[in-house]
**Student:** 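Below is the structure I would like to discuss, written out as structure tokens.
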Amino acid sequence: MIENRIIGAVLSAVFAFITMAVYPLSCPAVDEQKQFREYVSQGNHFTCSLPRDWGEYQPGFGLSQEEKKVYGVTLFGPSDGGPAPPTISLHYYAPGNLLHRTMDKFIRTHSRPVLGPPSGDGSHGEVYPAAIAGRQAVTFEQRNVRYTGGRSLNPGKVILFERFVVIPDENDQGFYVLRLSVPDSMRTRYEGIFKVITESFRPGK
């Protein structure tokens, strides 16, 4: 009888130790499920995980996604009262869309300064290859100045950090764009969220 009690106590202690060791490892996965939700774009052009506490931009007027042939979502993160809220956008530019004719044109437009070499606070980085969802993609970063305060003699300004991931569709006709835009001073706070979205991204075409 005493031996059985000893064995039972030992087994209970072992079980408690295993539970304590495993529980911390399982918490991040549980937390991630709570923090992110599955998103399916209009037209089933792509799926990904999106943060639950970010709001979706809902345009009140203008052309529809079908009319523009641009499908996806723009998200605004929780605001801390700053002049530029964190933004993440994900879009599929279908062939014949009204905004960007080709993937190469989009990359040229957004990876290079429009008015000559970068100066002052703005900068444009190099375009690098990347692998997203088993496809050869490209990624690049840039910093731009955004002036705030409306029409003013001395407007305020904020430096925006932007990261782009551009992915071709299966026929190299259309393309996907994942874009992070946040104040440069806060970039480390949001890069992890953008990484989760990028790693969960699955193109439908």
Side-chain angles (χ1 to χ4, degrees), residues 25-57 64-77 86-112 123-144 160-182 184 186-205:
L25 295 176
S26 62
C27 279
V30 174
D31 290 343
E32 185 171 305
Q33 290 177 359
K34 293 180 180 179
Q35 294 174 8
F36 290 85
R37 61 182 174 87
E38 188 69 13
Y39 172 80
V40 180
S41 77
Q42 183 174 330
N44 296 315
H45 293 293
F46 64 88
T47 63
C48 64
S49 296
L50 297 181
R52 293 182 182 275
D53 58 346
W54 286 49
E56 292 188 20
Y57 170 67
S64 67
Q65 294 193 26
E66 293 89 347
E67 291 170 324
K68 292 184 294 185
K69 295 187 178 180
V70 179
Y71 306 87
V73 64
T74 297
L75 302 173
F76 292 100
T87 305
I88 293 176
S89 61
L90 306 98
H91 289 94
Y92 172 62
Y93 294 83
N97 74 83
L98 300 181
L99 299 182
H100 298 284
R101 190 162 50 106
T102 66
M103 175 174 162
D104 288 341
K105 184 177 181 181
F106 179 93
I107 295 170
R108 289 196 304 270
T109 299
H110 290 85
S111 65
R112 300 176 184 176
S123 66
H124 291 66
E126 298 292 330
V127 177
Y128 296 99
I132 304 295
R135 298 189 184 183
Q136 291 300 313
V138 298
T139 182
F140 55 92
E141 300 173 355
Q142 64 178 4
R143 288 172 180 80
N144 287 313
L160 289 183
F161 167 81
E162 295 188 299
R163 175 171 294 158
F164 294 82
V165 177
V166 187
I167 311 162
D169 67 13
E170 60 186 356
N171 298 315
D172 286 327
Q173 298 296 320
F175 59 96
Y176 303 87
V177 176
L178 288 61
R179 179 176 185 172
L180 169 69
S181 180
V182 296
D184 189 54
M186 304 169 63
R187 58 177 289 187
T188 56
R189 183 186 304 183
Y190 299 104
E191 286 178 319
I193 295 175
F194 190 64
K195 181 179 180 182
V196 171
I197 295 174
T198 302
E199 292 180 345
S200 68
F201 186 85
R202 296 293 180 270
K205 292 183 178 295

**Student:** Please report the closest heavy-atom contact between P168 and A137, naming both atoms and the distance.
**Tutor:** CD-CA, 4.4 Å
**Student:** Grab the two heavy atoms, one from Q173 and one from P95, that are nearest each other, plus how far apart they are.
**Tutor:** CB-CG, 3.6 Å
**Student:** Is there a side-chain contact between N97 and Y92 in this structure, where contact means two heavy atoms from C-beta onward sitting under 4.5 Å apart?
**Tutor:** no
**Student:** Under 4.0 Å between a side-chain nitrogen and a carboxylate oxygen: does that hold for K205 and E170?
**Tutor:** no
**Student:** Quick check on ring-ring contact (aromatic ring centres under 6.0 Å, His included): which of F76, F36, Y190 does W54 satisfy it with?
**Tutor:** Y190
**Student:** Are side-chain heavy atoms of F194 and V165 found at a separation under 4.5 Å?
**Tutor:** yes
**Student:** Just checking R135: does its CZ atom have more than 12 heavy atoms from other residues, nucleotides or ligands closer to it than 6.0 angstrom?
**Tutor:** yes
**Student:** Taking S41 for its side chain and F46 for its backbone only, find out whether a donor-acceptor pair lies under 3.5 Å.
**Tutor:** yes
**Student:** Does V166 form a side chain to side chain contact (heavy atoms under 4.5 Å, CB included) with F140? I'd like the steps, not just the answer.
**Tutor:** CA-CA 9 Å; V166 187; F140 55 92; 4.1 Å; yes
**Student:** Classify the angle between the aromatic ring planes of H110 and F164 as parallel (below 30°), tilted (30 to 60°) or perpendicular (above 60°).
**Tutor:** tilted
**Student:** Hey, what do you get for CG (L178) to CG (L90), rounding to the nearest 0.5 Å?
**Tutor:** 4.5 Å
**Student:** Look only at the side chain of E162 and the backbone of R179, and say whether a donor-acceptor pair between them is shorter than 3.5 Å.
**Tutor:** no
**Student:** I need the minimum non-hydrogen distance between N44 and V40, along with the two atoms involved.
**Tutor:** OD1-CG1, 3.1 Å
**Student:** Are the side chains of Q65 and V70 in touch, meaning some heavy atoms are under 4.5 Å apart?
**Tutor:** no
**Student:** Taking all non-hydrogen atoms of both residues, which atom of Y71 and which atom of E66 are closest, and how far apart?
**Tutor:** OH-CA, 3.7 Å
**Student:** Please name the pair of heavy atoms, one in A130 and one in T139, separated by the smallest distance, quoted to 0.1 Å.
**Tutor:** CB-CG2, 4.2 Å
**Student:** Is the number of heavy atoms from other residues, nucleotides or ligands under 6.0 Å of K68 NZ greater than 12?
**Tutor:** yes
**Student:** Pair F161, L180 - check side chain to side chain contact (heavy atoms under 4.5 Å, CB included), show working.
**Tutor:** CA-CA 8 Å; F161 167 81; L180 169 69; 4.3 Å; yes
**Student:** So, for L75 and P51, which heavy atoms are closest and what is the spacing to 0.1 Å?
**Tutor:** CD1-CD, 4.3 Å
**Student:** State, with a plain yes or no, whether a side-chain heavy atom of T87 is found less than 4.5 Å away from one of T74.
**Tutor:** yes
**Student:** Distance from L99 atom CG to K69 atom NZ, nearest 0.5 Å?
**Tutor:** 12.0 Å
**Student:** Please check if the side chain of S49 supplies one atom and the backbone of E38 the other of a donor-acceptor pair under 3.5 Å.
**Tutor:** no
**Student:** Report yes or no: does R202 contribute a side-chain atom to a donor-acceptor pair with the main-chain N or O of E199 at less than 3.5 Å?
**Tutor:** yes
**Student:** Less than 4.5 Å apart, side chain to side chain, heavy atoms only: is that true for L50 and V73?
**Tutor:** yes
**Student:** When you measure from the side chain of Y176 to the backbone of H45, do you find a donor-acceptor pair of N or O atoms at a distance under 3.5 Å?
**Tutor:** yes
**Student:** Do the two ring centres, one from H100 and one from H91, sit under 6.0 Å apart?
**Tutor:** no
**Student:** Out of curiosity, S200 OG to K195 NZ, how far, rounded to the nearest 0.5 Å?
**Tutor:** 12.5 Å
**Student:** State the CZ-OG1 distance between F175 and T102, to the nearest 0.5 angstrom.
**Tutor:** 7.0 Å
**Student:** Rounded at 0.5 Å granularity, tell me how far CE in M103 sits from CG in D172.
**Tutor:** 8.0 Å
**Student:** To the closest 0.5 Å, what do you measure between CD1 (I193) and CD1 (I88)?
**Tutor:** 6.0 Å
